[in-house]
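To start, the structure itself, in structure tokens.
Numbers here are sequence positions counted from 1.
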Amino acid sequence: MEVLHRLRDIDLPDWQVFSGAVYQRVFNDLTGRDLNHGIKDYDVAYFDPDTSYEAEDAVIRRVAAAFEPPLRELVEVRNQARVHLWFEGKFGEPYSPLTSSSEALTRFVSPLHAVAVRMETDDSLTVIAPFGLEDLFALRLRRNPNRASSNFERVAQGARKRWPELEILE
């Protein structure tokens, strides 16, 4: 909640917290584990048409300055407008440019990963889940029907090690 409150106050364009910071906490709650079990960072997406490294770096520094350790080191901010510039080099798969942060969710390895939250000015939470929440609450990991990723097996095995209750559908 602290991360959401601070990000709301920073008010990045088209921002959301997504991926492990969301689904892993749900897993932990459903399986009775400590809420921080298996969580390595808080992925923060925003969308700014300025795809320069300098613009993204300024945002990264601004967000980092808003947090004290250990959160400062755990909040990872990325401009989704820049992902296509580095994705293939890092993951070995082509990645066309995005038009919003929410569009990034549609390309995640699995529908259960494709969940994001944003805190609004009235303290309500907006949940973005283009594939719905059924897989998340069923602890079911399956391939994204819109994207065949060669990384699915690696992701599935890493998740199974932390949450053996997870059902993996090939």
Side-chain angles (χ1 to χ4, degrees), residues 1-12 14-47 59-60 63-64 66-80 83 87 90-91 100-170:
M1 291 306 290
E2 181 179 347
V3 171
L4 290 170
H5 280 256
R6 289 183 191 252
L7 289 168
R8 179 200 53 202
D9 294 343
I10 295 169
D11 195 28
L12 298 172
D14 188 23
W15 74 273
Q16 53 192 246
V17 174
F18 63 21
S19 200
V22 179
Y23 75 83
Q24 291 172 356
R25 286 197 182 263
V26 173
F27 285 179
N28 290 338
D29 185 63
L30 292 173
T31 62
R33 290 181 172 82
D34 179 276
L35 289 179
N36 291 318
H37 171 78
I39 296 174
K40 65 176 186 158
D41 59 24
Y42 296 86
D43 291 311
V44 178
Y46 73 98
F47 193 89
V59 170
I60 291 169
V63 170
F67 292 96
E68 296 295 325
L71 285 178
R72 179 177 296 150
E73 292 76 29
L74 296 175
V75 175
E76 186 173 292
V77 184
R78 294 296 177 262
N79 181 2
Q80 298 304 292
V83 174
F87 190 93
K90 184 171 183 175
F91 295 107
S100 70
S101 291
S102 293
E103 184 183 2
L105 295 169
T106 67
R107 300 187 192 179
F108 281 23
V109 171
S110 173
L112 79 76
H113 296 144
V115 179
V117 295
R118 179 179 50 247
M119 180 170 280
E120 305 299 344
T121 56
D122 65 357
D123 287 341
S124 66
L125 292 177
T126 295
V127 176
I128 305 109
F131 298 101
L133 298 171
E134 186 177 332
D135 284 351
L136 175 63
F137 287 102
L139 295 169
R140 181 175 46 240
L141 182 69
R142 63 184 170 98
R143 293 179 186 273
N144 180 335
N146 301 327
R147 176 179 168 239
S149 173
S150 60
N151 292 312
F152 179 82
E153 290 299 326
R154 179 186 56 79
V155 169
Q157 293 314 309
R160 164 88 29 90
K161 286 178 186 173
R162 291 176 283 168
W163 297 278
E165 305 87 348
L166 193 62
E167 177 186 12
I168 299 174
L169 303 178
E170 295 298 323

Taking every non-hydrogen atom, the tightest pair across Leu166 and Ala159: CD2-CB, 3.5 Å
Steps toward side chain to side chain contact (heavy atoms under 4.5 Å, CB included) verdict (His113, Phe18): CA-CA 8 Å; His113 296 144; Phe18 63 21; over 6 Å; no
Backbone N/O of Ala66 and side chain of Arg6: donor-acceptor pair under 3.5 Å: yes
Distance (rounded to the nearest 0.5 Å) between His5 NE2 and Ile10 CD1: 13.0 Å
Residue pair Pro111 / Pro145, side-chain heavy-atom distance below 4.5 Å: yes
Closest heavy-atom pair and its distance - Phe152, Leu169: CZ-O, 3.7 Å
Pairwise side-chain contact, Arg33 with Glu165, heavy-atom cut-off 4.5 Å (strictly under): yes
Intermediate values then yes/no, salt bridge (Lys or Arg N to Asp or Glu O under 4.0 Å), Glu153 and Arg143: CA-CA 9 Å; Glu153 290 299 326; Arg143 293 179 186 273; 3.4 Å; yes
Sidechain-backbone polar pair: His37 side chain, Arg162 backbone, donor-acceptor under 3.5 Å: yes
Student check: side-chain heavy atoms of Phe67 and Val3 closer than 4.5 Å: yes
Side chain to side chain contact (heavy atoms under 4.5 Å, CB included) between Asp11 and Thr121, worked out: CA-CA 10 Å; Asp11 195 28; Thr121 56; over 6 Å; no
Check against side chain to side chain contact (heavy atoms under 4.5 Å, CB included), Ser102 and Gln16: CA-CA 8 Å; Ser102 293; Gln16 53 192 246; 3.3 Å; yes
Worked check of side chain to side chain contact (heavy atoms under 4.5 Å, CB included) between Asn146 and Phe131: CA-CA 10 Å; Asn146 301 327; Phe131 298 101; 3.6 Å; yes
Distance (rounded to the nearest 0.5 Å) between Glu120 CD and Thr126 OG1: 3.5 Å
Residue pair Val63 / Val75: nearest heavy atoms and the distance that separates them: CG1-CG1, 3.8 Å
Exercise: identify the closest heavy-atom pair between Trp163 and Asn28: NE1-OD1, 2.7 Å
Distance-only donor-acceptor check, side chains Ser100 and Gln80, under 3.5 Å: no
Sidechain-backbone polar pair: Asp29 side chain, Arg25 backbone, donor-acceptor under 3.5 Å: no
Value rounded to 0.5 Å, distance of CZ in Arg154 from OG in Ser149: 8.0 Å
Validation row: Leu136, Phe27 side chains within 4.5 angstrom (heavy atoms): yes
CG on Asp135 to CG on Leu141, rounded to 0.5 Å: 8.5 Å
4.5 Å side-chain heavy-atom contact, Leu139 and Thr31: yes
Smallest separation among heavy atoms of Asp122 and Ser124, with atom names: OD1-OG, 2.6 Å
Gap separating the CG atom of Leu74 from the CG atom of Asp43, nearest 0.5 angstrom: 11.0 Å
Asn144 (side chain) donor-acceptor with Ser110 (main chain) under 3.5 angstrom: no
Gap between atom CD of Glu170 and atom CD1 of Ile168 - 0.5 Å precision: 7.0 Å
cation_pi(Arg147, Phe108) dist<6.0 Å, angle<=45: no
Val117 vs Val22 side-chain heavy atoms within contact, under 4.5 Å: yes
Heavy-atom donor-acceptor pair, Ser101 side chain to Trp15 backbone, under 3.5 Å: no
Note, Val115 side chain near Ile128 side chain (heavy atom, < 4.5 Å): no
Any side-chain heavy-atom pair of Arg118 and Leu125 under 4.5 Å: no
Other residues, nucleotides, ligands: >12 heavy atoms within 6.0 Å of Glu134 CD: no
